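The sequence lines fix the lettering, A, B, ..., with proteins before strands; numbering per chain opens at 1. Scope of the values below: all heavy atoms of this structure, side chains included, with no hydrogens, waters or symmetry mates. In this text the structure is predicted, and so the values were computed from the model without any measurement.
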2 protein chains.
Amino acid sequence: MQNDNLKQEKPAAHKGRPREFDTEEALDKALHVFWRKGYEGTSLSDLTDAMGISRPSLYAAFGNKEELFRLALDRYAEHGPGAIQRQALSEPTARRVVERLLRGVAETLTDPCNPRGCLAVQGALSCGEAAEQVKAELCSRRSKSEAALAERFERAKQEGDLGKAVDPAALARFVVTITQGMSVQAAGGASRTDLLAVADMALLAWPSSA
Amino acid sequence: MQNDNLKQEKPAAHKGRPREFDTEEALDKALHVFWRKGYEGTSLSDLTDAMGISRPSLYAAFGNKEELFRLALDRYAEHGPGAIQRQALSEPTARRVVERLLRGVAETLTDPCNPRGCLAVQGALSCGEAAEQVKAELCSRRSKSEAALAERFERAKQEGDLGKAVDPAALARFVVTITQGMSVQAAGGASRTDLLAVADMALLAWPSSA
DNA sequence: GAATTTCTGTACCAATAGGTATGAAAATGC
DNA sequence: GCATTTTCATACCTATTGGTACAGAAATTC
């Protein structure tokens with residue numbers, strides 16, 4: 001585990017034959033396939049075709065189908081639409097957090113460059129035994145998102161930004177439920193305008209509107 | 001096509017060897033498997049095991065996997081949780097329609113006797129080519145549900161039961177989005193209490209609250 | 001009872017699933 | 001230049017997929 005990249009020029013200078021494809025690029029292709037077809041609906045051939053690499057290359061670089069999915073999911077959460085949540089959480093008030101979250105979700109779910117809907121929702125909502133672990137992973141990630149939002153509301157409550165009667169966990173669940181519903185709507189072909197209208201309507205329920 | 005069941009005693013009295021299993025019962029088993037695993041996640045073996053019949057019997061009685069799914073979906077819509085919508089639509093006011101719909105959905109989605117979530121949502125949200133038609137069918141059914149609700153709101157508007165400024169289609173989309181989000185929540189393990197709280201919170205956004 | 005009709009079980013089908021063995025090809029360090 | 005190391009492409013593996021052919025069994029009708 002010694003740190004041997006002393007000269008930081010070029011990635012590293014590996015020993016053997018260098019990889020002929022860009023890992024990030026290939027992962028991005030894989031992400032899009034999973035996103036569009038779901039975990040079970042995506043075959044190895046779908047993946048290798050889209051990534052432009054051979055099957056053994058895929059296994060050498062990414063492990064197997066499930067590990068590849070997890071890597072794609074990580075990428076989705078960091079560089080893709082999953083990043084909205086993080087951005088939203090940094091807004092100054094709870095209300096602004098929700099506004100940004102709902103509108104941001106409405107927009108990214110209907111981004112014409114991407115498949116419709118959310119990978120964390122459609123990736124494996126229900127599935128056979130073979131995909132149970134993937135399904136569990138997605139459930140866990142959704143729960144974590146929800147928990148992070150609840151925590152943010154908790155803080156807002158302490159800051160006096162949210163009424164004392166508000167239940168942060170329940171409010172977070174409500175907001176997340178809307179985003180998940182929007183994901184289903186997007187998968188069904190709802191337009192950006194449609195989803196933004198849903199977001200606005202949800203904001204009417206905001207506790208501090210009184 | 002002559003109507004020859006003159007004596008209505010017993011189903012009909014077929015000619016050849018009678019079927020050894022009850023069609024409705026077998027269909028119900030199939031419904032539960034599809035419900036739990038989704039269309040793609042369900043294999044023919046899963047189905048025959050659960051239904052307790054052989055593969056040729058399944059094909060003889062139900063056509064093929066896709067037709068069986070459609071039949072199961074019909075059953076779901078008529079006798080299963082899909083019936084809530086119909087019940088809710090008959091409530092006297094728009095507000096009561098939504099109340100009954102949201103609470104009813106919250107309850108059935110978490111019915112301990114059934115798989116968590118909604119077949120029309122999880123059946124095939126994203127999938128491979130082989131299931132595209134099933135996915136389209138589910139989308140279409142969800143759209144029809146939404147349209148029926150919009151129509152109910154339109155009527156409510158004419159009856160003066162809903163403000164003139166309200167957009168029936170948008171309101172219907174909002175309500176349906178909540179139910180779809182609840183389906184994702186239920187699939188993720190949310191409790192009945194959790195979902196009822198979501199339903200109540202959604203009702204706070206009701207237009208006539210002003 | 002014979003003929004007919006329909007169902008059931010076994011055994012099978014081609015296609016595809018996810019995953020690998022193997023040897024050639026291309027880069028490195030010495 | 002040579003050995004080493006790693007990647008690549010072809011070709012293959014077993015298990016499972018959705019779907020059937022076929023023969024025997026069980027019921028109805030005449």
| field | Partners meeting side chain to side chain donor-acceptor pair (under 3.5 Å) with T108(B) (sequence neighbours left out) | value | none
| message | Below 4.0 angstrom, which residues in residues 20-40 of chain B have at least one non-hydrogen atom near DNA chain C? | response | E20(B), F21(B)
| task | With sequence neighbours left out, write down each residue that passes salt bridge (Lys or Arg N to Asp or Glu O under 4.0 Å) with R96(B), or none if nothing qualifies. | result | E91(B)
| field | Rounded distance (Å) that lies between atom P of dG19(D) and atom CG of L44(B) | value | 6 Å
| query | Is there any salt bridge (charged side-chain N to carboxylate O under 4.0 Å, His left out) pair reaching into residues 34-52 of chain A, and which pairs are they, with sequence neighbours excluded? | reply | K37(A)-D46(A), K37(A)-E129(B)
| query | Among all residues two or more places apart in sequence or in another chain, which pass the salt bridge (Lys or Arg N to Asp or Glu O under 4.0 Å) test with D111(B)? | reply | none
| remark: So, with a heavy-atom separation below 4.0 Å from DNA chain C, the residues of residues 46-71 of chain B are S54(B), P56(B), S57(B)
| remark: Closest to the side chain of S43(B), out of dT6(D), dG18(C), dT17(D), is dT17(D)
| message | The criterion is salt bridge (Lys or Arg N to Asp or Glu O under 4.0 Å); which residues satisfy it with E78(A), sequence neighbours excluded? | response | none
| Which pairs count as salt bridge (charged side-chain N to carboxylate O under 4.0 Å, His left out) when at least one residue sits in residues 194-206 of chain A, sequence neighbours excluded? | R103(A)-D200(A), D194(A)-R173(B)
| Does F174(A) have any ring-ring contact (aromatic ring centres under 6.0 Å, His included) partners at least two apart in sequence or in another chain, and if so, which? | none
| task | Please state whether the base of dT7(D) and the side chain of R17(A) form at least one donor-acceptor pair under 3.5 Å? | result | yes
| Interatomic distance, K15(A) NZ vs dT28(C) P [rounded to whole Å] | 13 Å
| field | Heavy-atom check, side chain of F62(A) versus side chain of T23(A), under 4.5 Å | value | yes
